Amino acid sequence: MNETVVTLVGNAATGVEFRETATGGMARFRFAVTARRWDREKQLWTDGHTSFYTVWAWRTLAANLAGSVSVGEPLLVHGRLKVREEERDGQRRTFVDIEAVAVGHDLTRGTAAFRRVLRGDPTLTARPGRRDGPDGAGDVRRRGKNAERERRAAVATGEPTGTPVQTPVGMILRQEPIPELASAP
């Protein structure tokens with residue numbers, strides 16, 4: 001199957017609309033791309049025509065977009081180009097959509113702080129009565145031993161360590177100092 005894959009550089013023109021669906025999250029927002037050219041006569045940059053696209057994202061990307069992107073932020077969008085025509089009120093209209101594969105902030109125009117999202121562990125958000133064991137604590141004890149083992153492995157490999165924190169977007173890793181390195185000179 002032939003697809004047109006594009007990478008666009010522009011700004012979020014609207015806020016991200018996020019919805020839960022039966023197959024996972026879905027998000028969409030409008031994306032503005034303005035061509036800029038150097039005007040030799042005036043010796044300055046001028047803005048050209050602005051093109052607008054509707055960016056669609058699914059599942060994890062959709063949830064992460066909802067928690068990361070605001071109106072006006074500079075972005076890079078990489079995905080499949082879809083052009084469709086519809087007739088509305090007797091007029092034929094053309095819509096250009098991007099089915100996003102990846103979206104990121106444009107670091108030529110600012111800085112960003114990346115926060116890794118942990119895959120949801122059902123035991124972290126389960127109600128106390130839902131855990132295994134007669135007192136509902138068996139899962140917690142096992143997770144405590146595994147967490148310490150994972151933390152030690154992360155220290156050995158240089159990966160960040162921290163405490164998982166539930167956010168509206170999902171689980172993120174809160175950065176914490178590593179005790180063994182906190183006292184290092």
Side-chain angles (χ1 to χ4, degrees), residues 1-38 45-127 130 150 154 159-160 162-175:
M1 179 159 111
N2 294 330
E3 296 179 327
T4 304
V5 179
V6 296
T7 301
L8 303 170
V9 178
N11 295 303
T14 65
V16 177
E17 297 175 29
F18 178 79
R19 281 189 228 138
E20 281 291 335
T21 66
T23 59
M26 182 276 302
R28 74 174 180 184
F29 67 97
R30 296 285 287 163
F31 189 61
V33 176
T34 303
R36 289 187 50 89
R37 304 181 231 306
W38 179 253
W45 288 97
T46 59
D47 288 342
H49 177 74
T50 301
S51 298
F52 289 91
Y53 303 88
T54 301
V55 177
W56 297 86
W58 306 96
R59 294 175 285 286
T60 304
L61 178 57
N64 291 344
L65 275 171
S68 303
V69 173
S70 299
V71 176
E73 291 184 345
L75 301 172
L76 281 83
V77 174
H78 180 74
R80 291 178 285 280
L81 180 69
K82 309 279 185 182
V83 179
R84 58 190 168 87
E85 291 188 14
E86 292 180 8
E87 191 166 322
R88 288 188 183 174
D89 301 326
Q91 294 182 346
R92 197 131 180 94
R93 301 190 61 168
T94 301
F95 297 92
V96 183
D97 299 334
I98 307 294
E99 191 174 309
V101 173
V103 178
H105 285 96
D106 183 355
L107 298 181
T108 62
R109 302 191 28 219
T111 62
F114 180 78
R115 291 182 313 271
R116 185 173 301 279
V117 177
L118 298 177
R119 298 226 182 252
D121 179 359
T123 61
L124 293 176
T125 57
R127 286 179 275 166
R130 301 272 178 165
E150 290 171 8
E159 293 179 18
T163 306
V165 178
Q166 180 69 41
T167 68
V169 175
M171 299 298 291
I172 64 168
L173 190 65
R174 180 173 54 216
Q175 296 293 323

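The structure presented is a predicted model; accordingly, all values stated were derived computationally and were not measured.
Scanning all heavy atoms of the two residues, the minimum distance from A12 to V69 falls at CB-CG1, 3.9 Å. Between R109 and G10 the shortest heavy-atom distance is NH1-O, 4.2 Å. The nearest pair of heavy atoms linking A100 to L61 is O-CD2, 3.7 Å.
D47 is linked by a salt bridge (charged side-chain N to carboxylate O under 4.0 Å, His left out) to R36, counting only residues two or more places apart in sequence or in another chain. In this view, T7 and H78 satisfy the side-chain hydrogen bond (donor to acceptor under 3.5 Å, both in side chains) rule, not counting sequence neighbours. With sequence neighbours excluded, the residues that form a side chain to side chain contact (heavy atoms under 4.5 Å, CB included) with E86 are R84, R88, F95. T4 is linked by a side chain to side chain contact (heavy atoms under 4.5 Å, CB included) to V6, L81, counting only residues two or more places apart in sequence or in another chain. T46 is linked by a side-chain hydrogen bond (donor to acceptor under 3.5 Å, both in side chains) to nothing, counting only residues two or more places apart in sequence or in another chain. For Q91, the side chain to side chain contact (heavy atoms under 4.5 Å, CB included) criterion is met by no residue, not counting sequence neighbours. Annotation: side-chain hydrogen bond (donor to acceptor under 3.5 Å, both in side chains) contacts of R80 (sequence neighbours excluded): E99. By the salt bridge (charged side-chain N to carboxylate O under 4.0 Å, His left out) test, E17 pairs with R19, R28, sequence neighbours left out. Under the side-chain hydrogen bond (donor to acceptor under 3.5 Å, both in side chains) criterion, T23 pairs with T21, sequence neighbours left out. Residues forming a side chain to side chain contact (heavy atoms under 4.5 Å, CB included) with T94 (at least two apart in sequence, or on another chain): V83, E85.
One distance of note links CG of L75 with CG of N11; it measures 7.0 Å at 0.5 Å rounding. Once rounded to the nearest 0.5 Å, the distance linking CZ of R115 with OG of S68 reads 6.0 Å.
Counting only heavy atoms from C-beta outward, the side chains of I98 and F31 never approach each other to under 4.5 Å. Residues R93 and E87 fail the side-chain proximity criterion, which asks for heavy atoms closer than 4.5 Å. No side-chain heavy atom of L65 sits under 4.5 Å from any side-chain heavy atom of F18.
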Please output the side-chain donor-acceptor pairs of residues 50-57 that fall under 3.5 Å, not counting sequence neighbours, one pair per line with the distance.
unit_1: T50; atom_1: OG1; unit_2: T34; atom_2: OG1; d: 2.8
unit_1: T54; atom_1: OG1; unit_2: R30; atom_2: NH1; d: 2.8

